[in-house]
Novice: 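Quick one: the structure is below, and I'll ask about it shortly.
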Amino acid sequence: MAAAVAAAPGALGSLHAGGARLVAACSARLCPGLRLPRSLAGRRVGPAIWAQGWVPAAGGPAPKRGYSSEMKTEDELRVRHLEEENRGIVVLGINRAYGKNALSKNLIKMLSKAVDALKSDKKVRTIIIRSEVPGIFCAANLPVPTIAAIDGLALGGGLELALACDIRVAASSAKMGLVETKLAIIPGGGGTQRLPRAIGMSLAKELIFSARVLDGQEAKAVGLISHVLEQNQEGDAAYRKALDLAREFLPQGPVAMRVAKLAINQGMEVDLVTGLAIEEACYAQTIPTKDRLEGLLAFKEKRPPRYKGE
């Protein structure tokens with residue numbers, strides 16, 4: 001894996017004070033030994049909000065969000081590393097049927113543990129998050145592409161989990177929405193922040209204020225999901241589409257995929273000039289990698305590249 005390199009003075013010299021503060025989040029680590037240049041570095045991005053447990057504030061009037069604390073012996077999260085032609089694809093299957101995949105403390109703990117392990121695994125290329133409970137969908141701050149496969153209900157926290165993923169696909173029969181205002185609370189797992197970024201502020205407000213539930217076709221029409229499929233007899237149409245997308249990602253350079261994701265995510269939070277500086281800094285990290293040289297050699301020899309994430 002290439003070490004961080006110094007960014008071009010011309011690009012980073014254009015960062016103004018406000019933009020520089022925003023770019024501080026770019027120090028979020030891609031994997032061991034790979035960071036943005038020091039001039040763009042700052043404090044690391046904290047854990048995703050949805051992964052935080054909430055308890056009543058001692059002596060305070062404001063209630064805070066909580067999760068059920070029951071512990072079950074069955075596996076609430078199944079982590080599968082696919083093999084053969086799908087090697088590099090990891091499937092996180094949420095399997096909490098008795099609780100309709102609600103985010104319990106145990107499930108949050110298992111998700112956090114799985115995410116920590118996957119972050120540092122160079123062999124992982126794409127992660128699919130799906131439900132293993134028929135009819136119900138339940139991502140995490142991961143450096144590789146993440147796909148949410150929504151084959152059933154994704155309401156409240158379930159949709160917030162899907163919004164944390166890079167790409168969302170759903171069956172036409174799926175139901176999704178942020179319905180918390182019906183319970184006199186607000187989406188507290190990132191929904192008020194990620195939904196406007198996905199579909200625009202005005203429409204996001206409309207959906208949250210009304211607690212409206214959309215089917216797959218409606219979600220596709222407003223840009224909430226990228227693909228909508230007719231449900232199949234097995235009930236896993238969205239998962240199958242997610243797997244097809246993941247296979248498209250597999251041949252690409254893993255370092256480039258991680259850096260591209262970082263550039264897109266951080267660039268969308270700043271002005272264009274700052275975003276272009278982030279892109280240039282990220283691009284510079286791909287130049288000294290062995291994967292880039294392998295890509296050039298494979299192109300010259302007219303063969304598929306053999307990338308190692310280095």
Side-chain angles (χ1 to χ4, degrees), residues 48-54 63-68 76 92-104 107-108 111 128-141 146-232 235-239 241-242 245 268:
I49 293 175
W50 61 264
Q52 297 175 355
W54 295 79
K64 294 188 176 183
R65 189 167 183 167
Y67 296 103
S68 58
E76 293 186 349
L92 298 182
I94 300 174
N95 182 48
R96 195 167 180 265
Y98 56 88
K100 295 185 177 180
N101 279 359
L103 298 179
S104 67
L107 179 56
I108 291 296
L111 278 167
I128 298 174
I129 300 178
R130 66 173 302 204
S131 169
E132 297 194 357
V133 180
I136 299 174
F137 177 84
C138 158
N141 186 20
T146 55
I147 307 171
I150 308 172
D151 276 305
L153 297 176
L155 303 177
L159 181 55
E160 287 176 312
L161 180 61
L163 283 167
C165 295
D166 299 312
I167 301 167
R168 290 167 293 282
V169 299
S172 57
S173 58
K175 302 292 182 183
M176 60 203 86
L178 297 179
V179 297
E180 285 87 346
T181 52
K182 283 188 176 182
L183 301 175
I185 58 174
I186 70 169
T192 63
Q193 302 306 303
R194 291 192 174 100
L195 187 62
R197 286 167 169 78
I199 65 174
M201 183 183 297
S202 180
L203 186 53
K205 288 179 177 178
E206 180 180 332
L207 294 181
I208 291 174
F209 295 166
S210 64
R212 188 179 305 158
V213 175
L214 307 178
D215 62 25
Q217 295 290 351
E218 293 169 327
K220 176 65 166 63
V222 301
L224 180 56
I225 61 175
S226 300
H227 302 275
V228 59
L229 302 310
E230 290 298 320
Q231 190 56 281
N232 56 29
D236 64 352
Y239 169 67
K241 179 62 178 180
L245 290 173
M268 288 298 294

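Everything quoted here is computed from the prediction, not taken from an experiment.
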Novice: Between atom CD1 of I94 and atom CG of L111, what is the distance when rounded to the nearest 0.5 Å?
Specialist: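 Interatomic distance, I94 CD1 to L111 CG, rounded to 0.5 Å: 6.0 Å.
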Novice: Quick one: closest heavy-atom pair of S226 and I167, and the distance?
Specialist: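 Answer, listing the atom of S226 first, then I167: OG-CG2, 3.9 Å.
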Novice: Can you find a pair of side-chain heavy atoms, one from D236 and one from R130, that are under 4.5 Å apart?
Specialist: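 Sidechains of R130 and D236: in contact.
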Novice: Evaluate the side-chain proximity of I199 to L207: yes if any heavy-atom separation is below 4.5 Å, no if none is.
Specialist: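 Side chain of L207 against side chain of I199, heavy atoms only: contact under 4.5 Å found.
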Novice: What are the two closest non-hydrogen atoms of L245 and H227, and how far apart are they?
Specialist: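 Shortest heavy-atom contact: CD1-CD2, 3.9 Å.
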Novice: Which heavy-atom pair separates P187 from E180 by the least distance, and what is that distance?
Specialist: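 Minimum heavy-atom separation between P187 and E180: CG-OE1, 3.5 Å.
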Novice: State the OG-CD distance between S173 and Q217, to the nearest 0.5 angstrom.
Specialist: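 Rounded to the nearest 0.5 Å, the OG-CD separation comes to 10.0 Å.
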Novice: Looking only at heavy atoms, which two atoms of A149 and I128 are closest? And how far apart?
Specialist: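 Here A149 and I128 meet closest at CB-CG2, 4.4 Å.
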Novice: Any side-chain heavy atom of L195 sitting closer than 4.5 Å to one from L224?
Specialist: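 The answer is yes, as the side chains (C-beta and beyond) meet within the 4.5 Å cut-off.
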Novice: Which pair of heavy atoms, one from S172 and one from E230, lies closest together, and at what distance?
Specialist: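 Smallest interatomic distance, heavy atoms only, reads OG-OE1, 3.3 Å.
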Novice: What residues, two or more places apart in sequence or in another chain, satisfy side-chain hydrogen bond (donor to acceptor under 3.5 Å, both in side chains) together with T181?
Specialist: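 None.
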Novice: Check side-chain contact (heavy atoms from CB on, under 4.5 Å) between K220 and all other residues, then give those that pass, not counting sequence neighbours.
Specialist: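 For K220 the side-chain contact (heavy atoms from CB on, under 4.5 Å) partners, ignoring immediate neighbours, are I225, V228.
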Novice: Of all heavy-atom pairs between A198 and L163, which one has the smallest distance, and what is that distance?
Specialist: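 Minimum heavy-atom separation between A198 and L163: CB-CD2, 4.3 Å.
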Novice: By side-chain contact (heavy atoms from CB on, under 4.5 Å), which residues pair with A174, not counting sequence neighbours?
Specialist: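 Partners of A174 under the side-chain contact (heavy atoms from CB on, under 4.5 Å) test: I150, A170, M176.
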Novice: What pairs of residues pass the salt bridge (charged side-chain N to carboxylate O under 4.0 Å, His left out) test when at least one of them lies in residues 199-215, not counting sequence neighbours?
Specialist: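 Qualifying pairs, neighbours excluded: E206-R212.
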Novice: Can you tell me how far CD1 of I147 sits from SG of C165, rounded to the nearest 0.5 angstrom?
Specialist: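 Those atoms lie 9.0 Å apart.
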Novice: Within the 4.5 Å heavy-atom criterion, are I208 and I186 side-chain neighbours or not?
Specialist: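 The answer is no, as the side chains (C-beta and beyond) never meet within the 4.5 Å cut-off.
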Novice: Is any side-chain heavy atom of L214 less than 4.5 Å from a side-chain heavy atom of K175?
Specialist: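 Of all side-chain heavy-atom pairs linking K175 with L214, none is under 4.5 Å.
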Novice: Keeping to residues at least two apart or across chains, list the salt bridge (charged side-chain N to carboxylate O under 4.0 Å, His left out) pairs with something in residues 161-171.
Specialist: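 Non-adjacent pairs meeting salt bridge (charged side-chain N to carboxylate O under 4.0 Å, His left out): D166-K261.
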Novice: Main chain of G191, side chain of E160: is a donor-acceptor contact present, judged purely on distance under 3.5 Å?
Specialist: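 Yes, because the side chain of E160 sits within donor-acceptor range (under 3.5 Å) of the backbone of G191.
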Novice: With Q231, which residues qualify under side-chain hydrogen bond (donor to acceptor under 3.5 Å, both in side chains), at least two apart?
Specialist: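 Q231 satisfies side-chain hydrogen bond (donor to acceptor under 3.5 Å, both in side chains) with D151 only.
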